Number of protein chains: 2
Amino acid sequence: MSLPHILLGMLREPASGYDLKARFEEDVRHFWSAELSQIYPTLRRMEKKGWLESDTEPSERGPDRVVYRLTQAGRGELTRWLAAGPEVGTERFAYLGQLFFMDELGDLAATRAFMVELRARLAAWLAELEAIEARIATAPGYPDDLPPERFHPHAALRMGLLTLAAKLAWCDETIERIDRRKARGASSGRKRRPATKEA
Amino acid sequence: MSLPHILLGMLREPASGYDLKARFEEDVRHFWSAELSQIYPTLRRMEKKGWLESDTEPSERGPDRVVYRLTQAGRGELTRWLAAGPEVGTERFAYLGQLFFMDELGDLAATRAFMVELRARLAAWLAELEAIEARIATAPGYPDDLPPERFHPHAALRMGLLTLAAKLAWCDETIERIDRRKARGASSGRKRRPATKEA
DNA sequence: ACGCGCATGTAAGAAGTTACATGATTTC
DNA sequence: GAAATCATGTAACTTCTTACATGCGCGT
């Protein structure tokens, strides 16, 4: 039940579905994502609930825009959500599932390659977040006197930066552990696990 | 497309849906979760695809157990998934969405309370993961000579430990930033944002 | 007799993804 | 003339959650 509320937050300034999708690609994508095909019907449902109202306006170029804005009920629901305490959902990391079972491959070199590729992907992601922070760092009052409407998004961004740094450190730690194991295990010669186990 | 693969990994040893649910509650819950009502039909679909076979056995107490085990095709699919490279999905953090828009409440004290509660929840979570690591730490060969079937799960667990520690550090950083702002802003007296804006 | 743990599920709906469809205008 | 951007959506499907349903055996 979070996408509608994130849309409510974004709609403190009126916007079309297309505009909102653009915001998901920008400042919000480190903690949520949504496709247009999900956004459009969600906005309809929210309007039906009375949280939003819409107007159709001609566009400067392209087809007409359907611009949504908050109603009183919508603003009330947003406030209720914000005041309800942190919504801690289940985290899902498919790549940890892969790593968890990877002894099945019986080859530590495969695990190492996996971790190296994962590290590269996470590092690219971190670079993007750092670019966003660099932009914020040029704002007046950074870092201690940002206005509240910039302080809150910046605080959310910091979580992304700090956890990604931690994940990179974890990748490095894991790769080093593998290398130590390989250095030690090289003499004993076991690499592929045997097809049958000796009990 | 990850739950079936996680089940494949777990089913290297035969198990019933009920058994598998128990494993989600234990060693796997820091990166995935699933309800029984999702597990049962998923196992059926996997059997229909030829990845699993099942036998019905009488239980020691309670109703009959349906025990699943991997077929050759299932083991092949598991290997394929493990060798396919890291599956990096979209991360979703509803609480970051709340924080992002929280200037709407116009009250930094509310944000502070939010962060304090979030910190408590994350700390409790970290304590659980630390308990799991403490158990692993008693295994022979810890930490440098764990056998491969323990090394991989332990590596996955470490990611949870390190990122949770980073999140706690982020909570602390954010709470401190709020306190510094409040100390500085107290003299200027603005707390609730005004109902109307002066342009 | 009641509740708890074992063990299986169904039903209904919300949430999310992928693919497809339409048509205008602007840029190369 | 082709491709990108603007702007809207539908359809089919998978995934996940919540609530409900059933029935056995064990402990108190």
Side-chain angles (χ1 to χ4, degrees), chain A residues 1-8 14-26 28-29 31-49 51-52 54-68 77 81 87-94 97, chain B residues 1-8 14-26 28-29 31-49 51-52 54-68 77 81 87-94 97:
Chain A
M1 210 25 191
S2 295
L3 174 62
H5 292 103
I6 290 169
L7 293 174
L8 285 176
S16 69
Y18 195 86
D19 297 337
L20 293 165
K21 171 60 176 166
R23 288 202 60 190
F24 275 102
E25 310 277 84
E26 281 162 36
V28 158
R29 77 177 185 291
F31 62 85
W32 210 272
S33 68
E35 299 303 318
L36 274 171
S37 58
Q38 195 189 358
I39 292 170
Y40 286 126
T42 302
L43 289 170
R44 286 259 180 93
R45 258 189 290 128
M46 292 166 72
E47 187 171 25
K48 204 172 282 179
K49 276 198 192 175
W51 295 353
L52 304 180
S54 64
D55 286 305
T56 303
E57 302 179 352
S59 165
E60 287 181 33
R61 50 188 187 178
D64 286 355
R65 295 162 47 79
V66 181
V67 175
Y68 291 89
E77 177 59 26
W81 180 60
E87 221 177 60
V88 183
T90 316
E91 292 178 26
R92 284 187 166 138
F93 297 95
Chain B
M1 214 17 195
S2 295
L3 174 63
H5 292 103
I6 290 170
L7 293 174
L8 285 176
S16 70
Y18 195 86
D19 296 337
L20 293 166
K21 170 61 177 167
R23 288 202 59 190
F24 275 101
E25 309 278 84
E26 282 161 36
V28 158
R29 77 179 185 292
F31 62 84
W32 210 271
S33 69
E35 299 302 317
L36 274 172
S37 58
Q38 195 190 357
I39 292 170
Y40 286 127
T42 301
L43 289 171
R44 286 259 180 95
R45 259 188 289 128
M46 291 166 72
E47 187 171 25
K48 205 171 282 179
K49 276 197 192 178
W51 295 353
L52 304 180
S54 65
D55 285 306
T56 303
E57 302 179 353
S59 166
E60 287 182 34
R61 50 186 188 184
D64 287 355
R65 297 161 46 80
V66 181
V67 176
Y68 291 88
E77 177 59 25
W81 179 61
E87 221 176 59
V88 183
T90 318
E91 293 179 26
R92 286 189 164 132
F93 296 96

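Proteins come first, then strands; the chains are lettered A, B, ... in the order of their sequence lines, and each starts at number 1. These numbers come from a predicted model, not from an experiment. Values below: every heavy atom of this structure, side chains too, minus hydrogens, waters and symmetry copies.
The base of D:dT15 lies outside donor-acceptor range of the side chain of B:Thr42, with no N or O pair under 3.5 Å.
For A:Asp19 against A:Arg65, the heavy-atom pair with the smallest separation is OD2-NH2, 2.7 Å.
Each of D:dT15, D:dC16, D:dG23 was ranked by its minimum atom distance to the side chain of B:Arg45; first place goes to D:dT15.
In terms of phosphate contacts, B:Ser37 brings no side-chain nitrogen or oxygen within less than 4.0 Å of OP1 or OP2 of D:dT18.
Using a 4.5 Å cut-off on side-chain heavy atoms (C-beta onward), A:Phe24 and A:Ile6 make contact. Residues B:Leu36 and B:Leu20 have side chains not in contact (no heavy-atom distance under 4.5 Å, counting atoms from C-beta outward). Here the side chains of A:Ser33 and B:Glu91 are not in contact, with every heavy-atom distance at 4.5 Å or above. For the pair B:Thr42/B:Met46, a side-chain contact is recorded, criterion being any heavy-atom separation below 4.5 Å from C-beta on.
If you find the closest nucleotide of DNA chain C to B:Asp64 and to A:Ala34, the one lying nearer the 5' end belongs to B:Asp64. Position along DNA chain D of the nearest nucleotide to B:Glu35 versus B:Pro4 favours B:Pro4 as the more 5'-ward residue. Where B:Leu3 and A:Pro63 each meet DNA chain D at their nearest nucleotide, the meeting point lying more 5' is that of A:Pro63.
Ring planes of A:His5 and A:Trp51: tilted class, angle from 30 to 60°.
Between B:Tyr18 atom OH and D:dG23 atom C1' the separation is 14 Å, expressed in whole Å. Rounded to an integer number of Å, the gap from A:Asp19 CG to D:dC6 P is 10 Å.
Here the range on DNA chain C touched by chain A, meaning any atom under 4.0 Å from one of its heavy atoms, is C:dA15 to C:dT26.
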